[in-house]
Amino acid sequence: MAERRKQFPFDEFEPKWQGHWEKNKTFSVPNPGEAGFDASKPKYYVLDMFPYPSGAGLHVGHPEGYTATDIITRYKRMNGFNVLHPMGWDAFGLPAEQHAIKTGEHPRINTENNTNNFRRQLKSLGFAYDWEREINTTDPAYVKWTQWIFLQLYHSYFCEEENKAKPISELEAKGLSREEIDNRRLAYVAETPVNWSPDLGTVLANEEVEEWRAKGHTVERRPLKQWMLRITAYAQRLIDELEGLDWPNGIKLLQTNWIGRSDGAEVDFTIDGEKVTVFTTRPDTLFGATYMVLAPEHPLVEAITTDEQKAAVAEYQKTCAGKSDLERTELAKEKSGVFTGGFAINPVNNEKIPVWIADYVMMSYGTGAIMAVPAHDERDNEFAEKFGIDIIEAVKAPEGNEEKCFTGNGTAVNSGFLDGLPTPEAKEKIAAWLEEKGLGKKTINYKLRDWLFSRQRYWGEPFPIVWRDGNHEALPESELPLLAPELEDYKPTGTPEPLLSKATEWVDLGDGVKRETNTMPQWGGSCWYYLRYCDAQNPDAPISDEAEEYWMAKNGNPGGVDLYVGGTEHAVLHLLYARFWHKVLFDLGHVSTPEPFQKLVNQGLIMGEDGQKMSKSRGNVVNPDDVVALYGADSLRLYEMFMGPLEQVKPWSMKGVEGVFRFLARVWRLVMDSNQEGEWELSSKLAEIDPGKSTNKVVHATIKKVGDDIDAMSFNTAISQMMVCTNELTKLEQLPVSSLVTLLQVLNPFAPHLTEELNAKLAAAFDSVSGDDLAGQTWPEFDEDCLVEDEIEIVLQVNGKVRDKIMIPNEASKEEVEALAMESEKVKSFIDGLTVRKVIVVPGRLVNIVAN
RNA sequence: GCUGGCGUGGUGGAAUGGUAGACACAACAGACUUAAAAUCUGUUGGCUUUCGAGCCGUGCGGGUUCAAGUCCCGCCGCCAGUACCA
């Protein structure tokens, strides 16, 4: 790259100010009770989604959200808040373990290198983090409390009556058996079919499968004994309590749909005297049920299959078992299924209906069995048409509806005692009827499944659990943290046996007592990190009560963190898991709000210069280090905010970076001039003079707009206003120092290095300029009087079209404005020969004359 | 298919129902310079023009309104998420 002459010496003053902030701990904020804590100030907690420190280093997507929160942080500080703005590392994870497998090196080494690189990069951007609160999820002091929270879950159950978690000791006091108690824990062991990857040597969450397959790893289904967390107990609260949160509607909806509540009824059918329960959201269509479908894995299939159908059924079951859930849905274009030979009795009319098995019914949802109503369900309709099964109408569609399969609300027909009832009433009546006869009841089902919480990895938190005589037992708190032992090598075992089982000495505690060898998923550490920041060094608790009450509450909102910024990719994973853990901790009295995050903002993806997603293979990745080297940190920060609205997806443009770089250079040149020797010296235009009316106007308009725009997180328009202001100041022959200082103050949250440097230079030369860091100064106030003008421009429209613009006195009345408008020659020429019907005067804006 | 979101100059994007295109990028022209870079100034939605200006224009079609990029109805296109959840 050709050497370019720096338009301002950012490479000198940026590191200087970063060192200054670090040395003076400018952005450290004390906790209640600590020295320097100012209880009179309100708190504001601004949180970034902490990064996984990958080997690739920071990409330009990270500083997007981080700059936004940094601006808010600095702005809130200047407005008198105690601002908590921390950073840390989500450092457990598969890539570090993959590296360890390849090199034989402990994953901690690689993780540490990557973390150091990330920290260096973030510091080079001048973010106002309180680095004294830095945390790392792999740190033993942190692992200890992640394990401690797991034990809280383990030692709790969900009380249905009170709709909250309570200590397991209550069940012990009631004399429940060990098995009964273990079956109610929020953390429990169950055998379920999971996604197992032999070459990764671990199970994967459903959400992770696609990613690792794409990287060439194999993933198969197999039943394994796993640790589960009972998130389903919180399904309703996780839906309901979204209400009070200031989150994007899209994310709320995503979570609501993910949890997937559906209201319906369970209905008991009988097959050869054996009871089979189905779940339906449309019990009102019971009279239209013409067949039944069981999931291929349904336990009753074998018993009801007739001899002549045995072979076909077994064959079909075999095909289904070989498919993963994904393949099952991918190949779902065409309905398939097999008749079992059995028949079920419909409880409402005692009709005999054939029982089929088909893979469009899932064992894991509802009861794994459905009544099929082909007249009013699209899937059943498709199936019935393919296999020639009867279709009986049970709901009359409203007039004019011609759909062949009507799924909406109508009027019950062919339905015995329901006939004539509108769908909602029919639902109520049949439910009451079923309950009265003991044939069924109203039920709610959720799509949400319990959370599979164990992995067979090495690089994760070991479970603080031991096994004795086939039963699990919790370690006492005093034995935390439980750390994984060093291994000879990190290669997968090749079986579902967890990697830690290789450490036989660590596992075997004698007397047949063995350690649990599974580890927790990465989500564990990220589920509560926002709490730890509040009291990052506390050796005695995950967080002290005082710190929790101050930083996580105090303003009457359900959520504790005031602002949380990050990508959408966590909409249903991290954000759901963290809410769940938080609610458990809330129920058990460890936190004071029911929700962790009050306001959530998603930053949009930054695409490559070619409009494509940035990726190594496309070669369109932008490295922030390169941008900082060429244009400085302030330019990178400013550009990322100037690109467009934060939430929006937008492409990178190096030319755009140059644009904001030029803007910063113009600001620099307002203060500094280059002399004959090419050295920078204070501009001769600077003067301690009264700014005058027009300069005051633009400066005060800038104070107002920038403040409003930061509040609205509309950073791009704030920057354009500062550009307007700078362009105005550039035109002046003599530059009022006070106006310049104001510009530096409002620009400071965006470009902190440049503004501090220039302010320091001004302070050295002018007595009227404070030598205090801008970061510690108060946000300037704007004077409303400076914004009003004596004369304002009014647009004159005739029939909605702009015909003229006139200057009028500010205080002109509506009547005066109208009279002035009518005097316009242009207006006269356009209404010549027409009759004026109406005149609309919008004060301060326009006059519209309606004439024909 | 369903659910969200979005369609504005050559480009990124501005516009409490009230002057569409702020601010910036790119392009073109000029000043400075031996030259280049940097910097500064000007022009830049389209069409027509007698150079005064006029007409058209925010994906398409309709509607509400004195006034619509903005609100309503119906389409089309793009992006994201999700996928047989009974």
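Letters A, B, ... mirror the listed sequences (proteins, then strands); counts begin at 1.
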Using a cut-off of 4.0 Å on non-hydrogen atoms, how would the nucleic acid contact of [X] be classed: base, sugar-phosphate, or nothing?
X	result
A:F830	sugar-phosphate
A:Q648	sugar-phosphate
A:N727	sugar-phosphate
A:G659	sugar-phosphate
A:S653	nothing

Span that lies between the [atom1] atom of [M] and that of [N], in whole angstrom:
N	M	atom1	value
B:rU3	B:rG63	P	28 Å
B:rG57	B:rG46	P	16 Å
B:rU11	B:rG59	P	13 Å
B:rU58	B:rG69	P	7 Å
B:rC47	B:rU64	C1'	31 Å
B:rC51	B:rC66	C1'	33 Å
B:rU49	B:rC6	C1'	38 Å

Kindly say if [X] contacts the phosphate of [N], meaning a side-chain N or O under 4.0 Å from OP1 or OP2.
X	N	answer
A:N716	B:rA14	yes
A:T568	B:rA80	no
A:K801	B:rA68	no
A:R662	B:rA38	no
A:N257	B:rG4	no
A:Q797	B:rC66	no
A:Y360	B:rA86	no
A:R845	B:rC66	no

Specify the separation, in whole Å, of atom [atom1] of [X] and atom [atom2] of [N].
X	N	atom1	atom2	answer
A:I606	B:rG13	CD1	C1'	15 Å
A:R449	B:rA83	CZ	C1'	13 Å
A:K805	B:rG18	NZ	C1'	13 Å
A:N249	B:rG5	CG	P	8 Å
A:F663	B:rG13	CZ	P	20 Å
A:I792	B:rG18	CD1	C1'	14 Å
A:F269	B:rA86	CZ	C1'	12 Å
A:K826	B:rU19	NZ	P	18 Å

If I take atom [atom1] from residue [X] and atom [atom2] from residue [Y], how far apart are they, to the nearest 0.5 angstrom?
X	Y	atom1	atom2	result
A:E297	A:D359	CD	CG	9.0 Å
A:N602	A:L646	CG	CG	9.0 Å
A:E385	A:K335	CD	NZ	12.0 Å

**Asked** Taking for each residue the nucleotide of RNA chain B bearing the nearest heavy atom, is the 5' side occupied by A:P645 or by A:V660?
**Response**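 Closer to the 5' end of RNA chain B: A:P645.
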**Item:** Nearest-nucleotide 5' precedence on RNA chain B, A:V795 against A:A665
**Value:**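 Result: A:V795.
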Which nucleotide in [options] has an atom nearest any side-chain atom of [X]:
X	options	result
A:S720	B:rG18, B:rC23, B:rA20	B:rC23
A:K335	B:rC84, B:rA20, B:rG54	B:rC84
A:L846	B:rA24, B:rA86, B:rU19	B:rU19
A:Q7	B:rA14, B:rG13, B:rU39	B:rU39
A:F642	B:rG12, B:rU39, B:rG13	B:rG12
A:L254	B:rU19, B:rG18, B:rG81	B:rG81
A:S262	B:rA14, B:rC84, B:rA86	B:rA86
A:K655	B:rG12, B:rC25, B:rA15	B:rC25
A:V724	B:rC66, B:rA86, B:rC23	B:rC23

**Residues A:S364 and A:R449: side-chain donor-acceptor under 3.5 angstrom** =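 There is such a pair between these side chains.
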**Message:** Atom NZ of residue position A:K685 - does it have more than 12 heavy atoms of other residues, nucleotides or ligands inside 6.0 Å?
**Reply:**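 Atom NZ in A:K685 is packed in, count exceeds 12.
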**Neighbour count above 12 (heavy atom, 6.0 Å) for A:K252 NZ** =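 Correct, the count exceeds 12.
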**Message:** Under the criterion salt bridge (Lys or Arg N to Asp or Glu O under 4.0 Å), I'd like the reasoning laid out for A:K441 against A:E266: C-alpha separation, chi angles, the key distance, then a yes or no.
**Reply:** CA-CA 5 Å; A:K441 59 173 195 295; A:E266 284 183 359; 3.6 Å; yes
**Message:** Centre-to-centre under 6.0 Å for A:Y360 and A:F383, is that the case here?
**Reply:**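 Ring-ring flag for A:Y360/A:F383: true, centres closer than 6.0 Å.
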**Message:** Counting the benzene-type ring for Trp, do A:F8 and A:W680 have ring centres under 6.0 Å apart?
**Reply:**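 So the answer is no for these two rings.
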**Prompt:** In terms of ring plane angle, is the pair A:W451 and A:Y577 parallel, tilted or perpendicular, where the classes change at 30° and 60°?
**Reply:**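 Ring orientation of A:W451 relative to A:Y577: parallel.
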**Prompt:** Looking at the angle O4'-C1'-N9-C4 for a purine or O4'-C1'-N1-C2 for a pyrimidine, is B:rG9 syn or anti, with syn meaning within 90° of 0?
**Reply:**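 Syn conformation for B:rG9.
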**Message:** I want to verify the glycosidic state of B:rG52; is it syn or anti under the 90° rule?
**Reply:**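 Syn, since the glycosidic angle lies within 90° of 0.
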**Message:** Run A:R803 and A:Q797 through side chain to side chain donor-acceptor pair (under 3.5 Å) and show every step you take.
**Reply:** CA-CA 5 Å; A:R803 295 305 180 188; A:Q797 295 183 336; over 6 Å; no
**Fill in**
Base-pair string, RNA chain B, Watson-Crick plus G-U, cut-off 3.5 Å on both distances, | for inter-strand, is (((((((..(((.....[....))).(((((.......))))).((((....))))..(((((..]....))))))))))))....
**Request:** Mind listing the residues from residues 834-843 of chain A sitting with a heavy atom below 4.0 Å of RNA chain B? Number order is fine.
**Result:**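 Per residue number, the list reads A:K838, A:I840, A:V842.
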**Sole candidate of A:V706, A:L638, A:V724, A:D709 that passes side chain to side chain contact (heavy atoms under 4.5 Å, CB included) when paired with A:I719** =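 Passing option: A:L638.
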**Request:** Begin from the C-alpha positions of A:Y365 and A:S262 and carry the test side chain to side chain donor-acceptor pair (under 3.5 Å) through to its verdict.
**Result:** CA-CA 11 Å; A:Y365 184 76; A:S262 50; 2.7 Å; yes
